[in-house]
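Sequence lines set the chain letters: A, B, ... in the order given, protein chains first and strands last, and positions in each chain run from 1.
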Amino acid sequence: MDSSTSSIQEPFDLIRLSLSERVFVKLRGDRELTGILHAYDGHMNLILSDVEETIMIVDLPEGVAEGQGTVNVAKRKMDMLFVRGDGVILVSPPSRT
Amino acid sequence: MSFFGFEQSDLEKEKQRFLEGGIQDTENLAVFTWGEESYDGLGDALQEGGDDLNDETFGSTGAVGKDFDFSNTGGLHDSVALPGYPESSKDPLNQENPVFQTKQTVPAVQVQSSLKSIPSRSLESLWDDKSPFSVLPRNNGTARSTSSSSPFASQPTARGLQTLSHGVSQPGVRTLAEIEAEMRAATQQSREVTVHREKLLRRQQEEEYLREQELLRQQQEEDEYLRQEQEQQRQRYLYQQEQLQIQRLQQQRELLQQAQSTPPPRMLPVSQSPRFLEHQRQILLLQQQQEQQQILRLQELQEQLRMESLERQLRAQQLNNLGTHHRQLSGRSISPQLQHQRRQRSRSPPGTIPLQDNLSYHPQNIQLQQRLLSEMAQVEFLRDMQGSNSVEQEALRMEAMRKIVEAEKLEEKRRRRAAKIAHMSRYNDLMTQSDKDFITRIQVSQLVTQDPYADDFYAQAYGAIIRSRMGIHSQDERVLKFGSSGGIGLGIAPKGGHRRQSAMQKMEQQVERIVSNARRREEEKGLHSLHSLQGALGKTSGRSYKAAPRQLLQVDSGSASSSPTLSHAHAHISKQDSIDAKNKGKEEAAAEAAKLGREALGNAADTSSDLIRKDPLSRREILTCLEDLHDLVLKAEQLKQEEPLPEETQFYSEWEYEYSGVVDQMWNQLKVMAPIATSDPHPFMSLLSVAKGKRVLSRLARHFDNQQMLTMLTLLIACFNQLDVFKQAPLLDTLEDTPERVEVERQTNAFLSNVLHSIVSVISNGSLRLVTGLLGLLLDRNNVSEVAQTQPGLSLLTLFLTRVEVIKEGAAVLETELPTVEDANQWQLMFDHMFEQLTPDFPLLFPSSRIVARGFHLNQATIAVDIIDRPVWQFLAALALHALPEQQPILVHSLREKVLENVVGAKKGWVSDEQERRAKLHNVDLFLSALGLSSSQIDL
């Protein structure tokens with residue numbers, strides 16, 4: 001597989017491999033996305049379709065020790081989404097079972 | 001007014017106080033408003049009568065408060081409106097102002113008597129209070145008392161003091177210097193007062209004469225006072241003489257002022273420009289000095305005269321009753337009185353007064369009065385005029401105003417527009433034409449690229465789509481090309497707009513010129529390139545020539561030729577690169593050929609130990625491979641665009657070489673030629689497991705020839721069970737809305753629309769033998785029942801059957817491809833085999849049945865059963881067409897329940913709507929008609 005290795009020269013080439021594939025995107029603010037990646041750019045702005053967003057909401061009531069709060073998970077779905085690059089922490093192929 | 005109760009001692013005291021200068025206490029009341037512009041003329045009537053009840057009105061006011069509002073004393077006439085003292089506040093002025101008083105003897109005494117009838121204590125307490133406001137009126141009074149001898153200066157002085165020396169208490173008698181200072185201050189405001197003064201004087205004189213007349217009448221009645229009266233008159237004339245001199249001086253000054261561009265006296269506004277006042281000061285000062293002497297003399301005379309007149313008047317009034325003084329004298333009755341006065345004057349004894357002076361005064365006085373009268377009349381007339389025409393004038397005025405406003409609006413609009421234009425055209429003609437050309441050149445040079453079509457790809461593709469949709473089949477690309485070196489993408493053809501079109505043409509011409517110039521320059525530079533580069537990185541000293549200078553830049557000549565501006569995906573491969581690639585490709589091809597040879601052998605042997613077994617492609621490898629494929633596809637598509645005409649032999653062969661190289665690369669990359677047993681799944685199947693792999697296949701297919709496609713198809717059918725869409729198909733038979741099911745559905749749709757679509761053309765052109773062979777392969781390597789239970793498999797089988805049907809019909813088949821009997825027999829064999837294998841599972845072909853079999857409850861609302869079952873009915877119909885007569889009953893028998901279910905459901909109305917009922921019947925009829933039956937035949 002000479003040619004396949006040669007085509008990867010920079011990190012973005014790995015993201016390029018995931019074009020039109022489902023990807024997992026971790027965002028700042030305890031948010032996660034899974035969706036089909038359609039486009040990206042150097043700022044890591046992404047265009048995703050068929051997206052499911054998962055938002056972790058940590059409830060830390062008064063008097064409860066650190067790390068004892070309950071974590072609520074909110075989910076929502078979007079057909080098409082533009083993700084601004086400054087919020088992106090991680091882009092990866094979804095874990096395969 | 002009451003004259004009773006007037007005590008001589010009071011008069012004496014008054015006199016005493018006056019002489020002592022202590023008069024200022026009462027003088028505080030002196031407020032003089034005659035001659036003010038706002039003067040309402042009431043003073044005339046006030047003096048002469050209607051005073052009968054004054055005593056009752058004012059005499060009884062025992063206690064007077066101290067809370068007078070003196071803060072309003074800024075204007076002199078404001079203090080007239082002192083509450084409770086409308087008249088008395090004015091009258092003391094007359095009394096204490098000898099200049100004006102001398103000839104108003106009767107009313108003056110009357111006023112005094114009325115004043116005295118009020119308890120003196122109250123008056124004293126009124127003015128002698130300690131309130132801060134008491135200062136103001138006191139100043140008023142003192143100013144008046146000292147300057148009163150000069151009629152023209154009396155008012156201004158008061159004001160001047162008020163403003164200049166506010167709060168400074170003045171003794172009763174003042175020095176000449178003080179008076180001078182006051183006068184000087186007074187002249188500051190003298191201009192605005194002169195008119196008033198003039199009027200004032202006239203009115204005073206009128207009043208004086210009127211009162212004189214009254215006195216004369218009294219004299220006639222009382223002879224004993226005649227002598228005194230004459231004496232008094234003589235003295236008065238003496239004073240008058242003095243006064244007249246001053247008046248003349250004043251008139252001269254006024255004339256002077258008027259000559260200096262002042263408006264007529266009656267129109268003179270109260271406020272004058274201070275500059276003008278300043279201008280007048282010099283002249284006034286000179287005149288004032290002359291006047292000072294006269295004023296002093298007058299003061300003596302006034303004093304004397306006043307005392308005398310007071311005495312006389314009091315005596316006379318004591319004799320007369322109160323009622324005898326009823327006189328209503330208005331301003332209108334002045335003229336006859338004036339004549340009378342003149343008579344009286346001529347009759348009066350000359351005394352010490354020079355006659356000529358007296359005579360010279362009279363005409364002037366009369367003239368003045370007449371002028372005043374005429375002015376008054378004019379004003380009245382004008383007022384009347386205005387009153388009568390007010391409505392008309394108002395209408396006219398409104399009309400005029402409206403017109404003015406309109407005109408102003410228009411003007412404003414015009415001005416704004418002009419300003420806007422001016423603003424916009426600020427920088428007009430700032431650049432010369434050559435400047436503009438220069439800028440354009442810079443801008444255009446940015447647009448020139450090596451590959452205009454690719455850089456303008458989306459616009460070009462969109463434009464092509466639009467054109468084809470509009471039915472215009474112009475093949476021209478909207479690209480400006482400059483030989484082989486570059487060009488500009490022009491985007492989509494602009495619609496309409498001749499101006500824009502011409503601008504575009506102009507730009508094209510300009511760009512062409514620029515580019516050709518640039519190229520020429522480039523060529524020229526190329527000649528001297530060696531020289532021009534020498535020393536560019538710094539000179540080396542002559543001695544170190546042997547040791548080559550250290551290279552700062554490592555410029556590779558090979559890669560330098562490729563444009564760095566182009567993106568990776570659209571990488572343009574320069575000739576050097578492409579040759580390299582071709583060499584590489586050839587090498588690879590050679591290696592592949594060797595391998596293929598070995599594998600072909602291995603294939604034939606099948607169990608050969610030569611087979612290179614590999615792990616199936618990892619996901620990353622798949623994706624990387626697909627990216628490379630995409631690059632290649634784009635390259636191939638671009639090359640296809642640049643395909644030269646076959647006539648240009650040299651170019652064409654070059655192009656063909658390059659193109660075929662790219663296609664070979666694609667073919668290799670697709671790994672179709674990898675042995676079937678290389679891995680499971682086969683690398684090609686792995687590539688197809690990804691949605692974009694499926695998608696790219698339809699694009700690759702365009703570049704492959706029929707043989708390659710056939711090979712691909714064979715591999716696909718042979719390894720059909722390795723396809724993800726086959727493996728994951730059972731997931732579609734659930735109703736659970738899981739992400740996996742969604743994903744499978746997506747993949748299945750992608751497979752059907754891309755992979756099968758690109759293969760259809762191969763099958764639809766295939767011979768019967770080919771189809772038989774493919775079917776045989778499918779049956780050999782796969783469980784046909786399972787394949788048929790997947791959507792792609794069912795579609796593939798339907799495709800085979802329809803193709804064979806077409807061949808059997810003999811419609812679209814070429815003579816050479818006419819199936820031989822042997823082929824037909826072979827086909828029938830295969831078909832029977834397939835039918836046999838499918839028979840037990842016919843009902844399971846229906847997705848709806850499978851879903852029910854999996855234990856899900858079918859609900860019409862959640863899933864459109866008839867739509868998902870339709871492909872199955874179509875397949876069964878095709879099957880039925882090919883089925884032998886003995887096979888048809890088997891088919892009908894196994895599908896009987898399904899058919900009945902649909903027909904009964906439709907006929908008994910177990911459907912939600914008409915559309916569903918028709919869909920059910922349509923599906924059933926599709927199948928039954930293939931057997932020569934119909935749903936209508938089914939009797940329930």
Side-chain angles (χ1 to χ4, degrees), chain A residues 1-26 31-55 73-82 85 90-97, chain B residues 458 567-569 571 580-581 584-585 587-588 591-592 614-632 635 662 664-671 674 683 686-687 689-696 724 728 737-747 749-750 754:
Chain A
M1 293 291 154
D2 327 314
S3 56
S4 67
T5 48
S6 70
S7 74
I8 294 171
Q9 288 149 352
E10 56 175 8
F12 273 125
D13 285 340
L14 290 170
I15 294 180
R16 188 167 162 233
L17 295 182
S18 291
L19 275 175
S20 81
E21 284 297 299
R22 192 162 281 278
V23 291
F24 170 81
V25 181
K26 196 171 173 182
R31 284 157 194 263
E32 289 168 358
L33 303 172
T34 58
I36 293 159
L37 178 68
H38 286 283
Y40 68 93
D41 65 9
H43 303 287
M44 209 82 110
N45 294 329
L46 308 172
I47 290 174
L48 302 174
S49 73
D50 199 12
V51 191
E52 186 179 85
E53 182 178 15
T54 309
I55 308 162
V73 175
K75 287 194 177 190
R76 59 172 175 162
K77 290 192 173 182
M78 283 145 288
D79 285 341
M80 193 66 88
L81 192 69
F82 175 89
L90 161 78
V91 180
S92 83
S95 55
R96 302 230 149 226
T97 50
Chain B
Y458 291 102
S567 68
H568 184 73
D580 286 350
K584 203 169 126 198
E587 283 163 17
E588 275 181 8
E592 199 67 21
K614 283 179 188 169
D615 288 334
L617 292 178
S618 72
R619 183 159 183 86
R620 211 192 106 187
E621 282 169 332
I622 294 166
L623 293 171
T624 318
C625 197
L626 284 172
E627 281 310 308
D628 292 339
L629 270 173
H630 269 101
D631 283 351
L632 290 168
K635 201 192 292 176
V662 173
D664 282 346
Q665 272 182 298
M666 289 197 295
W667 182 247
N668 293 329
Q669 201 65 257
L670 214 50
K671 303 175 206 315
S686 295
L687 293 179
S689 68
V690 180
K692 56 181 165 180
K694 297 179 178 80
R695 251 177 247 134
V696 81
D724 66 319
Q728 307 286 328
D737 192 18
T738 58
E740 290 78 18
R741 188 180 180 280
V742 173
E743 179 63 20
V744 171
E745 210 169 329
R746 191 171 82 98
Q747 297 287 355
N749 286 334
N754 290 297

Please list every donor-acceptor pair under 3.5 Å in which a side-chain atom of residues 31-39 of chain A meets a protein atom from a residue at least two apart or in another chain.
residue : atom : partner : partner atom : Å
A:Arg31 : NH1  : A:Glu53 : OE2          : 2.9
A:His38 : NE2  : A:Ser49 : OG           : 2.7

(request) To the nearest 0.5 Å, tell me how far B:Glu627 CD sits from A:Ser18 OG. (result) 9.0 Å

(request) Quick one: pull up CG in B:Leu626 and CG in A:Leu17 and give me the separation to the nearest 0.5 Å. (result) 9.0 Å

(request) Can you see which heavy atom on B:Lys692 is nearest to which on A:Leu19, and at what distance? (result) NZ-O, 2.8 Å

(message) A side-chain contact here means heavy atoms from C-beta on lying under 4.5 Å apart; do B:Arg619 and A:Glu21 qualify?
(response) yes

(request) Return yes when atom CG of A:Asp79 has more than 12 non-hydrogen atoms of other residues, nucleotides or ligands closer than 6.0 Å, and no otherwise. (result) no

(message) Would you compute the distance between atom CG of A:Asp13 and atom CG of B:Leu623 and round it to the nearest 0.5 angstrom?
(response) 12.5 Å

(request) Search all heavy atoms of B:Arg746 against all heavy atoms of A:Ser20 and return the closest pair with its distance. (result) NH2-O, 3.9 Å

(message) I'd like to check the salt bridge (charged side-chain N to carboxylate O under 4.0 Å, His left out) partners of A:Glu52; sequence neighbours left out, ordered by chain and number.
(response) A:Lys75, A:Lys77

(request) Provide the closest heavy-atom pair for B:Asp631 versus A:Arg16 in the form atom of the first, atom of the second, distance. (result) OD1-NH2, 2.8 Å

